[in-house]
Amino acid sequence: TAPARDRLRIAIQKNGRLAEPARSLLTACGLSWRQSRDKLFCYGESLPVDLLLVRDDDIPGLIADGVCDFGIVGRNELDEQGAARRRIGLPDAYQALRGLNFGQCRLMLAVPEEWEWTGVEQLAGKRIATSYPAILADWLAERGVDAQVVELSGSVEIAPRLGTADLICDLVSSGATLAANQLKPVETLLESEAVLAGPVRTPDDARAGLMAMLLRRLDGVVKVQD
Ligand code: PRP
Ligand code: ZN
Ligand code: MG
């Protein structure tokens with residue numbers, strides 16, 4: 001178990017689609033930090049709530065290890081790492097506490113434009129490139145499809161052209177990346193948005209009160225937005 005702390009730590013994405021809206025949301029909740037954008041650790045001024053700027057992929061693990069108390073991350077990343085943990089028999093270590101109404105996207109299968117899509121049975125024996133191997137493997141298994149999952153950490157959309165995969169499974173937001181790579185979306189595996197993630201058990205120290213207060217403020221702010 002992690003040691004007691006009296007300050008809260010929230011992890012958000014340093015760069016990328018969720019970085020700016022996550023910071024604005026926390027500012028709207030009354031949090032402030034004095035540091036510049038380049039600092040990866042921002043010391044909370046208005047409240048004892050510090051900010052960690054990290055890669056979104058690292059956020060679930062930081063919560064699981066008790067390094068951070070909250071994180072703002074895509075449901076896609078949380079579900080993938082949750083599915084990966086379950087596949088190796090690890091217990092759930094974090095949960096999505098609130099949907100945040102931004103960062104909407106879909107995890108989708110996409111095939112080369114010239115394919116005529118007839119259904120999932122078409123995937124038998126195919127190679128699928130993805131950064132979401134656990135979600136994809138579960139999805140394929142549920143449908144009894146025997147396809148090969150090729151894991152790539154980025155630039156997944158280029159795999160069909162390189163010949164390292166036949167199709168892909170990746171996030172689609174505007175659809176511009178798919179279109180630019182002559183791919184078309186055919187199946188949705190997951191609807192995603194940014195969520196506030198937290199531990200399965202609330203810490204037994206000063207952080208509990210801070211977490212409850214922040215959730216209350218967040219509920220006020222997110223409700224006002226929609
Ligand atoms: C996703 C995905 C695509 C892109 C699609 O990456 O991997 O590359 O967004 O967006 P579009 O449909 O608007 O073109 P993301 O921003 O999540 O970055 P990451 O994979 O580096 O975390
Ligand atoms: Zn990422
Ligand atoms: Mg990407």
Side-chain angles (χ1 to χ4, degrees), residues 10-26 37-38 40 51-65 67-68 70-85 87 93-96 99-113 115 117 127-140 147 149-198:
I10 307 180
I12 66 168
Q13 193 183 35
K14 178 173 166 25
N15 299 303
R17 283 183 299 132
L18 306 184
E20 224 17 78
R23 212 181 169 106
S24 309
L25 180 63
L26 295 175
R37 301 270 141 140
D38 308 319
L40 301 181
L51 208 57
L52 252 80
L53 307 187
V54 298
R55 287 210 43 202
D56 63 330
D57 316 46
D58 291 332
I59 293 175
L62 289 168
I63 298 170
D65 294 342
V67 175
C68 286
F70 281 152
I72 293 180
V73 64
R75 190 184 298 282
N76 51 288
E77 202 58 66
L78 217 56
D79 281 10
E80 170 61 24
Q81 297 193 32
R85 288 178 67 94
R87 291 182 82 84
Y94 37 77
Q95 55 181 328
L100 299 178
N101 265 337
F102 65 88
Q104 284 85 0
C105 58
R106 293 191 166 99
L107 183 65
M108 301 190 79
L109 287 186
V111 300
E113 274 165 357
W115 276 36
W117 181 249
R127 297 161 304 160
I128 312 175
T130 190
S131 308
Y132 298 86
I135 293 176
L136 177 57
D138 286 352
W139 189 88
L140 291 168
V149 176
V150 179
E151 185 173 353
L152 291 178
S153 54
S155 300
V156 169
E157 294 88 350
I158 207 174
R161 178 177 316 180
L162 296 181
T164 51
D166 303 297
L167 67 150
I168 70 162
C169 169
D170 199 12
L171 292 182
V172 182
S173 173
S174 65
T177 308
L178 288 188
N181 289 284
Q182 286 91 51
L183 298 168
K184 62 177 179 187
V186 292
E187 293 277 342
T188 301
L189 283 74
L190 178 78
E191 305 265 358
S192 183
E193 66 170 342
V195 298
L196 181 81

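Computed from a prediction, not measured in an experiment: that's the story for all the values here. Note that these values count all heavy atoms, side chains included, but never hydrogens, waters or copies made by symmetry. Read the numbers this way: they start at 1 and go in the same order the structure lists the ligands and their atoms.
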> Partners of Arg55 by side-chain hydrogen bond (donor to acceptor under 3.5 Å, both in side chains), sequence neighbours excluded?
Replying inline: Asp57
>> I'd like to know if the side chain of Tyr94 and the backbone of Gly82 have a donor-acceptor N/O pair within less than 3.5 Å.
In response: yes
> Under a 4.0 Å heavy-atom limit, does Asp56 contact ligand 1 with its side chain, its backbone, both, or neither?
Replying inline: side chain
>> Closer than 4.0 Å to some heavy atom of Ala176 - which atoms of ligand 1 meet that?
In response: 12 (O), 14 (O)
> Considering Thr177, Ile168, Asn181, which one's heavy-atom position lies nearest to atom 10 (O) of ligand 1?
Replying inline: Thr177
> Which of the listed options, Gly103, Ala110, Ser174, holds the heavy atom that is closest to atom 13 (O) of ligand 1?
Replying inline: Ser174
>> Checking one value in my table: which N/O/S atom of Asp56 lies closest to the Zn ion (ligand 2)?
In response: OD1
>> Check this for me: Arg127, atom CZ, are more than 12 non-hydrogen atoms of other residues, nucleotides or ligands nearer than 6.0 Å?
In response: yes
> Would you call Gly175 a ligand 1 contact, heavy-atom distance under 4.0 Å?
Replying inline: yes
> So, is Glu77 placed with an N/O/S atom under 2.8 Å from the Zn ion (ligand 2), counting both backbone and side chain?
Replying inline: no
> side-chain contact (heavy atoms from CB on, under 4.5 Å) with Thr130: which of Asp170, Ile168, Val149?
Replying inline: Val149
> Does ligand 1 have an atom that lies less than 4.0 angstrom from a heavy atom of Arg55?
Replying inline: no
> Which is the closest N/O/S atom of Asp57 when seen from the Zn ion (ligand 2)?
Replying inline: OD1
>> Determine whether a donor-acceptor pair (N or O, by modelled atom type, separation under 3.5 Å) exists between the side chain of Glu151 and the backbone of Pro133.
In response: no
>> Please check this pair: side chain of Ser131 against backbone of Leu152, looking for a donor-acceptor N/O pair closer than 3.5 Å.
In response: yes
> Looking at Asp56 and Arg17, does any basic side-chain N land under 4.0 Å from a carboxylate oxygen?
Replying inline: no
> Is it the side chain (CB and beyond), the backbone, both or neither of Leu171 that lies under 4.0 Å from ligand 1, heavy atoms counted?
Replying inline: both
> Is there a side-chain contact between Phe70 and Ile63, using heavy atoms and a 4.5 Å cut-off?
Replying inline: no
> Short list, please: which atoms of ligand 1 are under 4.0 Å from a heavy atom of Asp170?
Replying inline: 2 (C), 3 (C), 7 (O), 8 (O)
>> According to salt bridge (Lys or Arg N to Asp or Glu O under 4.0 Å), does anything in residues 76-85 pair up with another residue at least two apart or in another chain? List the pairs.
In response: none
>> Polar contacts were defined as any N/O atom of the residue lying under 3.5 Å from an N/O atom of the ligand; does this apply to Ser173 and ligand 1?
In response: yes
> Can you list the atoms of ligand 1 that are under 4.0 Å from a heavy atom of Glu157?
Replying inline: 3 (C), 8 (O)
